[in-house]
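Whatever order the structure lists them in is the order used to number ligands and atoms, beginning at 1. Below, each value reflects all heavy atoms present in this structure, side chains not excepted, and no hydrogens, waters or symmetry copies. If you read the sequence from its start, that first residue is 1, and numbering goes on from there.
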Amino acid sequence: MTEHSDTADICDEVKKLCAQFPGAYWRELDRERSYPTAFVNALTEAGFLSVLIPEEYGGSGLPLSAAAAILETIQASGCNGSACHAQVYMMGTILRHGGAAMKQAYLPQIATGALRLQAFGVTEPGSGTDTTALRTTARRDGDDFVVNGQKIWTSRAEHSDLMLLLARTTPRDEVRKKTDGLSTFLVDMREAVGRGLTIRPIRTMMNHNTCEVFFDNLRVPAENLVGEEGKGFRYILDGMNAERLLIAAECIGDGFWFTEKSVAYAKERQVFGRPIGQNQGVSFPIARAYAQLQAARLMVREGCRRYEAGENAGEQANIAKMLAAEASWACAEVCVQTHGGFGFAEEYDVERKFRETRLYQVAPISTNLILSYVAEHVLGLPRSY
Ligand SMILES: Cc1cc2nc3c(=O)[nH]c(=O)nc-3n(C[C@H](O)[C@H](O)[C@H](O)COP(=O)(O)OP(=O)(O)OC[C@H]3O[C@@H](n4cnc5c(N)ncnc54)[C@H](O)[C@@H]3O)c2cc1C
């Protein structure tokens, strides 16, 4: 379980920070379904959430692999970066497509953490994975756009100042391609809640602060349109490879955490007068899941390498996300089995992490949709939908 030599120092710092947030901290939050404010503040103050923001805007301008190493280390330490991982990468849309005034107005404040941009309003109850079928509309009215509709699974909406919103600005039957006519907005939620914006948390199997969000004639200033009207879908797609690689890195971190737990318990637990790990029926599944994890990690690294070199990383980012999510799940499953009954006891943290890591085979993209990408875009098989 070695780190890249070029990110080893940063990982050491992350580990030290995470050590201040042990299992008991996460267990209590999980019970209450509360937000890990102290943990997120500590990461923000240490500058770990702004590593991808260029130095000219107050970030540290590090490559994607550094952000991946940070998120992997957070998860491997038993913490949960899902409370704030979007703060690391969502600003990429502003950076790549926002105008100079927007970048200057928001990026430095996102870099310091004064502004949190970690709510992503894409999924809707009626459209699901079929994003271009979304029904939320933004209609131009003078200097504003007026937004109506609903989003679902908007994570961290209650703990974000800004939301990146995808809405339809031209009806689907008036555009040539269904991917046209969608636009991206930066919505200032601080001003909007109670004035056209309603947020309703959804209780889920893990502590994730994910929400339903309702828009009722919400006025968004036209200057908050990101880039050009009608090109929002492409802007969102542009950010997907980075997001996939970073989520994959988190899965790898989870996998290491589970493996370490499994190994420690298998050495320590004595049954029939010997450590359970002496039985190959116990040690082989741990070793197999670990092998799966290391292979997935190589794909994450290759995806980051291509991304950083400016090459197309679509294939690698998608495959890395799928393999890493499957590997973390394999490690989780083995960890529960290795712990026997104690795998179900809250105080071991295994059951909590088990619930948390399951998400990544569904969100931010489900495994079937990755397979469908690989089949169509990599292998040239006929489009399935
Ligand atoms: C905890 C959580 C947090 C989330 N956070 C966010 C967020 O912050 N912002 C946001 O916008 N979204 C978020 N999401 C939404 C997430 O991205 C979607 O749940 C995910 O993309 C799957 O979409 P869906 O739930 O609508 O499933 P559906 O699209 O309804 O699909 C259901 C199942 O059918 C399969 N399926 C559908 N179509 C096909 C096909 N053509 N071929 C094969 N299989 C198919 C899917 O793979 C899936 O397994 C979150 C979801 C969860 C659960």
Side-chain angles (χ1 to χ4, degrees), residues 30 33 35 80-93 116-136 147 149-168 178 182-187 189 197 199-215 232-233 235-237 239-240 242-244 246-248 250-251 254 318 321-322 325-326 328-329 352-377 379 381-385:
D30 185 62
R33 290 293 188 271
Y35 189 73
N80 189 356
S82 74
C84 53
H85 55 196
Q87 179 82 358
V88 176
Y89 54 78
M90 271 181 58
M91 60 77 217
T93 306
R116 295 166 303 172
L117 168 58
Q118 50 177 2
F120 193 34
V122 175
T123 310
E124 297 189 0
S127 54
T129 307
D130 186 6
T131 307
T132 59
L134 64 79
R135 292 210 201 105
T136 297
V147 181
Q150 184 195 344
K151 296 288 171 182
I152 195 169
W153 310 120
T154 313
S155 299
R156 302 160 295 272
E158 290 185 309
H159 301 279
S160 191
D161 302 303
L162 305 167
M163 175 197 292
L164 206 57
L165 170 74
L166 188 67
R168 192 160 272 294
K178 61 183 182 178
L182 293 166
S183 301
T184 303
F185 297 90
L186 197 55
V187 176
M189 299 203 290
L197 181 76
I199 303 173
R200 218 181 274 159
I202 306 171
R203 223 182 138 82
T204 54
M205 71 191 267
M206 67 292 173
N207 184 19
H208 199 85
N209 191 265
T210 192
C211 304
E212 284 182 289
V213 177
F214 301 88
F215 305 92
F233 186 69
Y235 299 161
I236 298 296
L237 281 189
M240 296 290 185
E243 182 188 63
R244 282 182 195 156
L246 293 178
I247 300 288
E250 290 191 306
C251 292
D254 277 347
N318 276 284
K321 156 69 177 56
M322 181 182 83
E326 289 177 351
S328 80
W329 182 241
R352 173 177 57 80
K353 275 285 209 180
F354 178 86
R355 287 183 277 118
E356 288 172 358
T357 212
R358 182 61 181 83
L359 173 67
Y360 298 116
Q361 285 174 84
V362 171
I365 183 169
S366 64
T367 300
N368 273 1
L369 269 292
I370 291 183
L371 290 171
S372 140
Y373 173 91
V374 174
E376 181 189 341
H377 296 283
L379 303 176
L381 287 159
R383 188 176 172 81
S384 66
Y385 58 90

Check ring-ring contact (aromatic ring centres under 6.0 Å, His included) between Tyr360 and all other residues, then give those that pass, not counting sequence neighbours. none

Does Arg355 use its side chain to pair, donor to acceptor, with the backbone of Met205 at less than 3.5 Å? yes

Restricting to non-hydrogen atoms, name the atom on Arg135 and the atom on Glu124 that form the minimum distance, rounded to 0.1 Å. N-OE1, 2.6 Å

Side-chain contact test, heavy atoms from C-beta onward, threshold under 4.5 Å: evaluate it for Tyr385 versus Leu369 and give yes or no. yes

Any side-chain to backbone donor/acceptor pair from Glu243 onto Tyr89? Under 3.5 Å, distance only. no

At their closest point, which heavy atom of Ala83 faces which heavy atom of Arg156, and how far apart are they? O-CD, 3.1 Å

Return a table of N or O atom pairs, ligand 1 on one side and protein on the other, at distances under 3.5 Å, rounded to 0.1 Å.
from, atom 1, to, atom 2, distance (Å)
ligand 1, 5 (N), Trp153, O, 2.9
ligand 1, 5 (N), Ser155, OG, 2.8
ligand 1, 8 (O), Trp153, O, 3.2
ligand 1, 8 (O), Ser155, N, 3.1
ligand 1, 8 (O), Ser155, OG, 3.4
ligand 1, 9 (N), Phe120, O, 2.8
ligand 1, 9 (N), Trp153, O, 3.3
ligand 1, 11 (O), Phe120, O, 3.3
ligand 1, 11 (O), Val122, N, 3.1
ligand 1, 11 (O), Thr123, N, 2.8
ligand 1, 11 (O), Thr123, OG1, 3.0
ligand 1, 12 (N), Thr123, OG1, 2.7
ligand 1, 17 (O), Pro364, O, 3.2
ligand 1, 23 (O), Thr129, OG1, 3.4
ligand 1, 29 (O), Thr129, N, 2.9
ligand 1, 29 (O), Thr129, OG1, 2.5
ligand 1, 44 (N), Asn368, ND2, 3.0
ligand 1, 47 (O), Ser366, OG, 2.5

